[in-house]
Q: 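What follows is a single structure, and I will ask about it in a moment.
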Amino acid sequence: GFSFTKMRTLIKAFVLVCALAIAVQASSAATRFSLEKHARPGARAKMVSTLRQYQETGVGLRVPEHRHMPVLKALGISAGSGVEPMENFWDEIWIGNITVGTPAQGPFRVVLDTGSSNLWIPSVNCIGAGCANKTRYDATKSSTYRPDERPWLIPYGTGFAAGTMSNDSVSVGGITVINQPLGEADYLAAFFADTPLDGILGLGFRDIAVLKVQPGFDTMIAEGAVAKPQFSVYL
């Protein structure tokens with residue numbers, strides 16, 4: 001016979017079928033919205049925008065010399081003697097000028113970086129998008145160049161720089177050293193094309209230098225180019 005239990009089962013099945021039918025109908029009638037992903041503006045976009053403005057106007061963020069020279073003179077430091085004016089970009093990087101080789105090549109615009117210890121600049125043989133519009137160093141045109149040829153690579157968050165080591169004279173802020181290890185960058189990541197720098201002058205400790213090469217300021221001390229093993233920054 002037909003039991004009450006079977007009736008309850010049939011009713012549950014009917015309700016389930018009705019619910020599925022309603023759900024399918026609602027799904028087919030629902031409005032669908034397409035989503036479009038937009039890149040979030042970041043440091044790279046800011047850097048590109050500021051660099052383009054700098055290139056178009058020819059005006060950097062160099063601190064006027066008259067603002068710091070009275071202080072330097074009070075300390076007994078004259079212009080051109082151990083002083084390198086810097087340009088401030090976004091309160092993130094500080095750029096100064098150096099020359100390399102004999103006769104002097106450059107100037108090369110380098111980040112004066114206390115967080116690293118290697119000096120590198122683009123080689124005349126530099127390839128890759130990151131080498132575009134960079135001042136390049138040609139070792140064959142320097143009488144003080146001495147080969148090293150060890151390969152080096154420094155990774156960054158947005159790519160890497162790589163090449164071979166050399167030795168040559170380097171001048172910064174009126175101080176010249178004769179035998180400075182430097183990296184000739186034969187490859188630069190595309191990121192570097194959007195930056196206002198040619199290379200990096202590391203001012204950190206030798207212990208963190210790639211290949212443990214001697215940093216620039218250590219060479220100044222070793223060659224007696226500075227009176228004291230000290231440097232300072234005035235903002």
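Just the heavy atoms: all of them, side chains too, but no hydrogens, waters or symmetry mates, feed the values below.
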Q: Kindly work out whether a path of hydrophobic side-chain contacts (I/L/V/M/F/W/Y, heavy atoms less than 4.5 Å apart) joins Y187 to F108.
A: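 In one cluster with Y187: F108, no.
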
Q: Roughly how far, to the nearest 0.5 Å, is the CD1 atom of I221 from the CD atom of Q230?
A: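 The CD1 atom of I221 is 9.5 Å from CD of Q230, to the nearest 0.5 Å.
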
Q: Quick check on the hydrophobic clustering: are F205 and V213 connected, directly or via other members, by side-chain heavy-atom contacts under 4.5 Å?
A: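 In one cluster with F205: V213, no.
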
Q: Can you tell me which residue among D218, T219, D168 is in a side chain to side chain contact (heavy atoms under 4.5 Å, CB included) with P181?
A: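 The side chain to side chain contact (heavy atoms under 4.5 Å, CB included) with P181 is passed solely by T219 among D218, T219, D168.
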
Q: With ring pair (Phe, Tyr, Trp, His ring centres under 6.0 Å) as the test, would you mind laying out the steps for F191 and Y156 before giving the verdict?
A: CA-CA 10 Å; F191 165 78; Y156 299 94; 8.3 Å; no

Q: Report, as yes or no, whether the 6.0 Å neighbourhood of atom CZ on R206 holds more than 12 heavy atoms from other residues, nucleotides or ligands.
A: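 Enclosed.
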
Q: Give a yes-or-no answer on whether the side chains of R109 and N97 include a donor-acceptor pair shorter than 3.5 Å.
A: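 Short answer, no.
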
Q: Mark yes or no for whether W94, through its side chain, and N88, through its backbone, hold a donor-acceptor pair below 3.5 Å.
A: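 A pair under 3.5 Å: no.
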
Q: Run the ring-centre check on F192 versus W120 and record whether the distance is less than 6.0 Å.
A: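 Centroid separation for F192 and W120: below 6.0 Å.
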
Q: Same cluster or not: are L112 and V177 linked, directly or through other Ile, Leu, Val, Met, Phe, Trp or Tyr residues, by side-chain heavy atoms under 4.5 angstrom apart?
A: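 Yes; V177 is reachable from L112 via cluster members.
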
Q: State yes or no: do L203 and I121 share one hydrophobic cluster built from I, L, V, M, F, W and Y residues joined by side-chain heavy-atom distances below 4.5 Å, directly or via other members?
A: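 Yes, same cluster.
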
Q: When you group the ILVMFWY residues by side-chain heavy-atom contacts below 4.5 Å and let the links chain together, are F160 and I200 in the same group?
A: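 No, I200 and F160 fall in different hydrophobic clusters.
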
